[in-house]
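Chain A is the first sequence line, chain B the second, and so forth, proteins listed ahead of strands; every chain is numbered from 1.
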Protein chains: 2
Amino acid sequence: MADSDTGGAEGVGAPAVRPPTDITRGRRPSTTREHIARQALDLFDRRGFDATTVDEIASAVGISRRTFFRYYDSKRDVVWGEFDAEMVRLRDQLMGAPRDEPMMEVLRRAVVATNRFGAGELDELRIRMGLISTVPALVAHSAVRYAEWCDVVADFVARRVGGSPKSLGPQTVARAALGAAMAAFACWARHDSDDLTGEVDRAFRLLATGFDEKPLRLWVTGDPQSSSSGS
Amino acid sequence: MADSDTGGAEGVGAPAVRPPTDITRGRRPSTTREHIARQALDLFDRRGFDATTVDEIASAVGISRRTFFRYYDSKRDVVWGEFDAEMVRLRDQLMGAPRDEPMMEVLRRAVVATNRFGAGELDELRIRMGLISTVPALVAHSAVRYAEWCDVVADFVARRVGGSPKSLGPQTVARAALGAAMAAFACWARHDSDDLTGEVDRAFRLLATGFDEKPLRLWVTGDPQSSSSGS
DNA sequence: TTCCATTTTGGCATTGAGTGCTATAAAGTC
DNA sequence: GACTTTATAGCACTCAATGCCAAAATGGAA
């Protein structure tokens, strides 16, 4: 009550910062999540994630340690950035697909679509993905951050094949799909394949064939050091 | 430098405890990993993982906090128990399979085989699996603990289809397979399906068909509460 | 201008995990 | 009994994360 509501069901990672409307009352925030993320990623990239303390990040941004934790719930969360927003897109993509399109095809196209990024974002994204797939603390945290992603996929699968989203079928599809996506991300972040969506597409095509060994063209693609082009 | 090495490349989870042979020199250990695990799991089960401090575990066992960390690298590692030993079995199963047997069939049988447990172990295993798949800190840690599992599978796949174990194909199979296994574990730990290997088998059969929607018999199995029969 | 409500910030204290160092206790050997 | 080996306990320390409260900053109202 006593609140000029305008919707604003957006404050997932930003607790009190970023009010729903642009009313400017009270003290203005001294920084932004984006600014903090840029400074932090720069430190992570140069000194390493574990070797960078929250105090150093806060000091680089020009805020106190306590304020840092008002913008991000943890040091790890900085690396994920605005990941939550992408989940809405994934759900829309999955639920908006025609019923007669095969399930795994919908899934593949949805994941590919939600992972298209502009050329300007790719450098920072590669740093993020590289950290997520190599630093143990972040590899660990990814399981928690991607849990909601799994829920979205499991809901979609449950609608298609029936049963509860918690039952074996939907859960297996969701977690296997997550594995495929993470494999694509990690491979893209490792070497310099500039084609992130291509890697995702290939991973999901492999998944949808049940990893059949016969179509070798699906297997010999993303291997930069061995295959010398051709074939 | 200045270090009398004796080999001993076995100390993964048990740093100084448990020497390779049974020579009894020096002070004898005052407890065992198993004893600590039992006490800790009991506390986790009753009070919750996060609400249980290492001090409480140590006090329950009758050792000091510092000694606890000589038996386990972290509080989370207690829940995994002797997980490392199973990895050797998995590798043996995978590498010992005949070349003409289909890859995904070998994988399914290997994972099923390494997850057979005696009736006496199932109660504790369910507690472990329940914690691993529900407590956020453990869900997170699972990504790190299962990384080696993924490496074993990726090595196996790379031998079959060629290329580096780090390339997209093997990585995708490995991570998707891990997802399938985790889904089976979680479903088994949730409800009271006493058939753990059955769940694993079903998950890997789904995976090997590329999650084809048509064979409905694969999808409608593990769904205890809903499924009022009829579509 | 002064007071007030609102919102962000910063400092302080606290908890808890995890690590390094050192002294001590227990066991066998000479 | 002296010596070596091994495990333990205790202490100090770092760092992430949280709760609490006072102070600062901003706009609006009296």
Checklist entry - Is A:D194 salt-bridged to A:R126, cutoff N-O under 4.0 Å? => result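 Salt bridge flag = yes for A:R126 with A:D194.
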
Checklist entry - Are B:D155 and B:R159 within salt-bridge range, i.e. N to O under 4.0 Å? => result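 The answer is no: the pair does not qualify as a salt bridge.
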
Phosphate OP1/OP2 of [N] contacted by [X] side-chain N/O (<4.0 Å):
X	N	result
A:S30	C:dT8	no
B:S64	D:dG10	no
A:Y71	C:dT9	yes

Whole-Å gap separating [atom2] ([N]) and [atom1] ([X]):
X	N	atom1	atom2	value
A:R65	C:dA13	CZ	P	15 Å
B:I57	C:dG16	CD1	P	12 Å
A:I36	C:dT9	CD1	C1'	12 Å

Item to check | side-chain contact (heavy atoms from CB on, under 4.5 Å) involving B:S142 - partner list, sequence neighbours excluded | outcome: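 Once residues adjacent in sequence are excluded, the partners of B:S142 under the side-chain contact (heavy atoms from CB on, under 4.5 Å) criterion are B:W80, B:I132, B:Y146, B:M182.
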
Checklist entry - If you fit an axis to the five pairs at each end of the helix from C:dT1-D:dA30 to C:dC30-D:dG1, how big is the angle between those two axes, to 10 degrees? => result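 If I round to tens, the end axes sit 30° apart.
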
Checklist entry - For residues 38-54 of chain B, which residues have at least one heavy atom under 4.0 Å from DNA chain C? => result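 Close to the strand are B:T52, B:T53, B:V54.
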
Item to check | Check: A:R70 side chain, C:dG10 base, donor-acceptor under 3.5 Å | outcome: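 Such a pair exists between side chain and base.
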
Item to check | Pair of N/O donor and acceptor under 3.5 Å linking C:dA13 base with A:R66 side chain | outcome: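 Answer no: no donor N or O sits under 3.5 Å from an acceptor.
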
Return a table of donor-acceptor pairs under 3.5 angstrom between the side chains of residues 116-125 of chain B and protein atoms on other chains or two or more places apart.
residue : atom : partner : partner atom : Å
B:E121  : OE2  : B:G118  : N            : 2.9
B:E124  : OE2  : B:R128  : NE           : 3.3
B:E124  : OE2  : B:R128  : NH2          : 2.8

Checklist entry - Do we see a donor-acceptor contact under 3.5 Å between the side chains of B:S64 and B:T67? => result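 Side chains of B:S64 and B:T67: pair found under 3.5 Å.
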
Checklist entry - Between A:R89 and A:Q93, do the side chains contain an N or O donor and an N or O acceptor separated by less than 3.5 Å? => result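 Looking only at side-chain atoms, A:Q93 and A:R89 do not form any donor-acceptor pair under 3.5 Å.
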
Checklist entry - If you draw a 6.0 Å radius around CZ in A:R109, do more than 12 non-hydrogen atoms from other residues or ligands fall strictly inside? => result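 Open.
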
Item to check | Heavy-atom check, side chain of A:L207 versus side chain of B:F211, under 4.5 Å | outcome: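 The answer is yes; the side chains approach within 4.5 Å.
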
Item to check | Heavy-atom side-chain proximity of B:V61 to B:F68 below 4.5 angstrom | outcome: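 The answer is no; the side chains never approach within 4.5 Å.
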
Item to check | Nearest-0.5 Å distance that lies between atom CG in B:L43 and atom CD in B:Q39 | outcome: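 Here the interatomic distance stands at 7.0 Å.
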
Next on the checklist: I'd like to compare against my own output: the B/S/- annotation of nucleotides 25-30 of chain C with a strict under-4.0 Å heavy-atom distance to protein.
Outcome noted: BBBS--

Checklist entry - Who are the salt bridge (Lys or Arg N to Asp or Glu O under 4.0 Å) partners of A:R65, not counting sequence neighbours? => result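 Counting only residues at least two positions away or on another chain, A:R65 forms a salt bridge (Lys or Arg N to Asp or Glu O under 4.0 Å) with A:D55.
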
